[in-house]
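Here's the structure we're looking at; comments come further down.
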Amino acid sequence: MSNGFDDIPFFDEEPAPRKPATGATSGSEPASGGLGIAARAMAARDQARGPDYLAGLNPEQREAVETTDGSVLVLAGAGTGKTRVLTTRIAHILATGRAFPSQILAVTFTNKAAREMKERIGMLVGGAVEGMPWLGTFHSIGVKLLRRHAELVGLTSDFTILDTDDVVRLIKQLIQAEGLDDKRWPAKQFAAMIDGWKNKGLDPSQIPEGDARAFANGKGRELYAAYQNRLKSLNACDFGDLLLHPIRMFRANPDVLKDYHQKFRYILVDEYQDTNTAQYMWLRLLAQRPQGIPQNVCCVGDDDQSIYGWRGAEVDNILRFEKDFPGAKVIKLERNYRSTEHILGAAGHLIAHNEGRLGKTLFTDRREPDDEKVVVHAAWDSEEEARAVGEEIERLQRGDADGRKHNLNDMAILVRASFQMREFEDRFVTLGLNYRVVGGPRFYERLEIRDAMAYFRLVCQPADDLAFERIVNTPKRGLGDTTVRALHDYARARDIPMLAAAADIVETDELKPKARKALFDVIQMFRRWQELLETTPHTELAEQILEESGYTDMWKNDKSADAPGRLENLKELVRSMEAFESMRGFLEHVSLVMDAEQNEDMDAVSIMTLHSAKGLEFDTVFLPGWEEGLFPHQRALDEGGRAGLEEERRLAYVGITRAKRRCHIWFVSNRRIHGLWQSTMPSRFLDELPVTHVEVAQTEQSYGGYGRGGYGQSRFDKADPFANSYSTPGWKRAQQNKSEATRDNWGSRSGHAVERIGYGESGPRARTIEGELVAKSVADTPSKFAVGDRVFHIKFGNGNVAAIEGNKLTINFDRAGEKRVLDGFVEPVS
DNA sequence: ACCAACATTGTTTTT
DNA sequence: CAATGTTGGT
């Protein structure tokens, strides 16, 4: 299977192969000016019939791939093969010898997108993508640049990257240091303001006067400046700095910039509509070149899918591309390979209500007689909405209408706001319907992981005060607020890191003897670990740190039900370190790639927000909550005005276009918001849908019904006496179960661990939380447990099996009480 | 230093 | 309503 790459050498990165002298292209620079012999031969062949990887592209896609030189904007509508174009384009550049892998700069927004691109390029070129060192997120590429040139912006190359949590704690200290009331001026809010300024590329001196005055009695600007100073003294960067520092660096050092101009022969940007001002400035610096240096930029995006305006994205960037890059070629991809005509028709009609768009109309050739129109349903309240959606899902799962059975994996519920999820979770738990919440709390945000990471950080970076403060009294060592405060002041007065200050202060008698002893022990520990850093394998050292610090013991002694899970997570953390060469390398990875693998092998309905659904597709999509105030969201209207409304509409467009075959939209007349019931109006977006592609569901039984009036009962309801009555213990238990489950699913907000519920296998499961507490009968599989068995559950702890139905166990847990759980979620205790 | 009662505040999320 | 954070008690 020739893919056109057999003769293309892949190079490792540093130093960039200025004069490559390997294999087929030997002796000549792979520039447009002078092609290697093999490349020329391939080009000749390609001219005749095109290489394999171009086969199957439509004419627009092919044009987008083959227009390699100059500036190109690809307007890629939903489902038009955007990623395919991007990856094939890179493959094409490589195959034709136009550039080496290390000479292509390809930028994405998320690690997920970067990973996917790497994978797909790998498929095209046969796996050797390690040779593309400059494919990554804006931030990861920013780090790479900064590590090389750190001294040019006043850092050293081993700077620390702070995450939001660190930043907030740091700002809180600064606010307190200013003598301000940190309650009146919340650090979180100021962190968000700084983030906003940085998204716009603004230094403390450049922020608008009004913004500066709006915070901390007019001290906004000073506070921002103080924050930057503090970062510098900590040798640290926040996420915004990863973009801003390179910008500063390039501006102040034109010679360095010029090197990169020459290095990056081709620049590609994914999701261009999501770029913020800082990213835009960054990109322009790299992409706009002086006469004589070729300028090949390709931005791919869709103005209709710009849904991140609220976090600084400027749709304007894509709208004015042609002005920024004169002579740019604009290629529209409008042929959709995903959805039915009805779905595209509905989405297209809706989005046409937006002004200020570049204007695309998606079309498809796909037309089948049984294509369903988009269905709009009305429900009395959100509870009924969830119930009806659940029934529809079960209907599809059973496969009645067209006789086909549908996988839960092919269905998704896309909500505007995450509080809507709960109602569905509740319902699915009682139905025993598997679901997964996508986009929840992440592995690396869990309390225990962050604590452990703080230990590792401090060992590698003794100046990391934030890490120090985090763990100095975790586990409890009797080093409370007062001691830490004293230490803090001591360190500040002398302008030294806190760990160093601690070493000094134990020599004095400034502290009480008890604290002094405790602190001394801490210092000794870290001294030892720092020595071992050079000699001991890093995973071994990590284990040792967690043991000797007493951190694992802390959780072993913790009686709460989620302690075992946390210990398991810590093991997983150490395990995941094995893939890295050093502790430093691992820390770098974690600070940038804050997500982990998700478990895809269970059949489950996905529940997620519309925002996190972007880029995904499902056979069947449910869009609940189309009511004024929720969708479009009141706040978007209040704060964003017309632009806000248009962004909401784009969100609706994104939602509909996720569907391949079926799209069900719901609205309710009554919804509980902030605890109280409010009556609601149908969303204006409903009236913006075209009648030709939409049908209104017949209000079969239930509209206006009270509670359990006339709605149809599901098969499961009938089968399970527990699931159907509000007054039975079963219902109450289910309520209990689900509320515990949701609490824990969102637990990391409060700094608590997120439990993996069920599935015995290990592996960090960050973005996906499986919520299936109540069992679902699988009659054929007899349980391996017997009544009376002693079992352990990762969330509920130990308990005794009280009853068994199929693989569904009722267990009396020592701590959590009686729960019904699938037998796969518990293991026997000997 | 730790826990329990009270007040506060409610979009969307990545790096 | 319910999750979060702060205050005040022991």
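By convention in this document, chain letters (A, B, ...) are assigned in the order of the sequence lines, proteins followed by strands, and residues within each chain are numbered from 1. Quantities reported herein were computed from a predicted structural model and do not represent experimental measurements. We use all heavy atoms of the structure for the numbers below, so side chains are in, but hydrogens, waters and symmetry mates are not.
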In chain order, what residues pass the side-chain contact (heavy atoms from CB on, under 4.5 Å) check against [X], with sequence neighbours excluded?
X      : answer
A:R284 : A:Y280, A:Q288, A:D324
A:Q228 : A:K198, A:P204, A:Y224, A:L231, A:D241
A:N670 : A:W380, A:D381, A:W677, A:S679
A:K200 : A:L202

Residues which pass ring pair (Phe, Tyr, Trp, His ring centres under 6.0 Å) with [X], listed by chain and number, not counting sequence neighbours:
X      : answer
A:Y653 : none
A:F428 : none
A:Y272 : A:F321

So that I can compare with my own list, what are the stems of DNA chain B, taken as at least three consecutive Watson-Crick or G-U pairs with distances under 3.5 Å?
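The stems that DNA chain B takes part in, listed by first number, are B:1-10 with C:1-10.
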
Check each residue of residues 634-641 of chain A for a non-hydrogen atom within less than 4.0 Å of any atom in DNA chain B, then write out the ones that pass by number, or none.
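Within this stretch, A:R635, A:A636 sit under 4.0 Å of the strand.
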
Can you list the residues that meet the salt bridge (charged side-chain N to carboxylate O under 4.0 Å, His left out) rule with A:E423, with sequence neighbours excluded?
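Counting only residues at least two positions away or on another chain, A:E423 forms no salt bridge (charged side-chain N to carboxylate O under 4.0 Å, His left out).
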
For A:R671, enumerate each residue passing the salt bridge (charged side-chain N to carboxylate O under 4.0 Å, His left out) test, keeping only those at least two apart in sequence or located in another chain.
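With neighbours one apart ignored, the set is A:E385, A:E627.
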
For nucleotides 6-10 of chain C, tabulate all protein N/O to nucleotide N/O atom pairs closer than 3.5 Å, reporting atom names and distance.
unit_1	atom_1	unit_2	atom_2	d
C:dT6	OP1	A:K172	NZ	3.2

Please confirm whether the ring centroid of A:F685 lies under 6.0 Å from the ring centroid of A:F631.
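Yes: the rings meet the under 6.0 Å criterion.
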
